[in-house]
Amino acid sequence: MDFIKKLFETKETNLILSELENLDYFFQSDLINSFEFTYAWDYTYKQTKKKIYKNSKILSKEVRERVSKPNVIVFNLIATFTSGEISTGNHHIYRGILNPTGKAFKNIFYIVLKKLKELEVYSDEEIKDFKEDLEEYIKTVG
């Protein structure tokens with residue numbers, strides 16, 4: 001099914017999907033060390049891929065018009081998804097304490113923030129703000 005979808009996607013969408021595949025390879029080869037991390041990454045990967053297909057026209061336009069690079073789009077989608085997943089409260093043991101899966105989502109969030117910082121998409125101050133916002137969600141939700 002993915003092959004057929006990919007066949008009819010734009011060049012830009014395929015570039016974005018390729019970046020997601022590269023990140024999947026990175027996570028699969030270097031970072032997966034627990035069941036919880038495996039689950040969190042697989043779920044994040046699947047949801048991000050769905051989001052790319054669903055918004056392919058908008059995302060393709062961003063790449064085509066050089067508003068964003070494919071890797072930056074993928075990192076931002078993943079950061080948004082993982083912070084949103086943590087903010088639901090479904091991955092808390094109790095208020096302010098994440099369960100192992102929640103910690104895995106948080107690790108993924110921090111990894112993509114680090115990559116966005118390395119690409120100079122966000123400043124140190126913005127990264128700090130994103131982390132503080134997430135910590136505040138963790139404290140108040142659950």
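The residues of the chain are indexed from 1 along the displayed sequence.
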Practice prompt. State the OG-NZ distance between S56 and K61, to the nearest 0.5 angstrom.
Written response: 13.5 Å
Discussion item. Looking at N76, is its backbone amide N or carbonyl O close enough to the side chain of T80 to form a donor-acceptor pair, meaning the two atoms are under 3.5 Å apart?
Written reply: yes
Item to complete: Indicate yes or no: at least one non-hydrogen side-chain atom of L23 is less than 4.5 angstrom from one of W41.
Response: yes
Worksheet item: What's the spacing between E62 CD and E12 CD if we round to 0.5 Å?
Response: 11.5 Å
Response to the item:
One should read off an interatomic distance between R64 CZ and L15 CG, to the nearest 0.5 angstrom, of 11.0 Å
Worksheet item: Given side chains that start at C-beta, do those of D129 and E125 come closer than 4.5 Å, heavy atoms only?
Response: yes
Worksheet item: Considering only heavy atoms from C-beta outward, does the side chain of L59 approach that of V63 to under 4.5 Å?
Response: no
Practice prompt. From the options F109, F75, Y110, Y122, select the one residue that forms a ring-ring contact (aromatic ring centres under 6.0 Å, His included) with F130.
Written response: Y122
Discussion item. Check for me whether K115 meets the cation-pi criterion with F26, that is, NZ or CZ under 6.0 Å from the six-membered ring centre and within 45 degrees of the ring axis.
Written reply: yes
Worksheet, complete the sentence: Between the CG atom in N71 and the CG atom in N22, the distance rounded to the nearest 0.5 Å is 9.5 Å
Worksheet item: How close do I16 and V74 get, heavy atom to heavy atom, and via which atoms?
Response: O-CG2, 3.4 Å
Discussion item. Using the rule that Ile, Leu, Val, Met, Phe, Trp and Tyr join whenever any side-chain heavy atoms are under 4.5 Å apart, tell me whether F27 and L119 fall into a single cluster.
Written reply: yes
Discussion item. Counting C-beta onward and ignoring hydrogens, is there a side-chain heavy-atom pair between V141 and T88 closer than 4.5 Å?
Written reply: no
Item to complete: For residues L20 and I78, determine if any side-chain heavy atom of one lies less than 4.5 Å from a side-chain heavy atom of the other.
Response: yes
Worksheet entry | E126 side-chain N/O to S123 backbone N/O, donor-acceptor pair under 3.5 Å | yes
Discussion item. Tell me the closest heavy-atom pair linking S60 and T10, and the distance in Å.
Written reply: OG-OG1, 2.7 Å
Fill in: Criterion side-chain contact (heavy atoms from CB on, under 4.5 Å) on Y53 and K49, from CA distance to verdict
CA-CA 6 Å; Y53 281 125; K49 196 172 202 176; 3.9 Å; yes
Practice prompt. Search all heavy atoms of L98 against all heavy atoms of I93 and return the closest pair with its distance.
Written response: O-CD1, 3.7 Å
Fill in: E132/K128 salt bridge by N-O under 4.0 Å criterion
yes
Worksheet item: Are any of the side-chain heavy atoms of E36 and K103 separated by less than 4.5 Å?
Response: no
Item to complete: Over 60° means perpendicular and under 30° means parallel, so classify the ring planes of Y39 and F105, tilted if in between.
Response: perpendicular
Discussion item. How long is the straight-line distance from NE2 of H92 back to CD1 of I86, given to the nearest 0.5 Å?
Written reply: 8.0 Å
Item to complete: With the side chain counted from C-beta on, respond yes when I108 and F81 share a heavy-atom pair under 4.5 Å apart, and no when they do not.
Response: no
Fill in: Spacing of T48 atom OG1 and L77 atom CG [to the nearest 0.5 Å]
6.0 Å
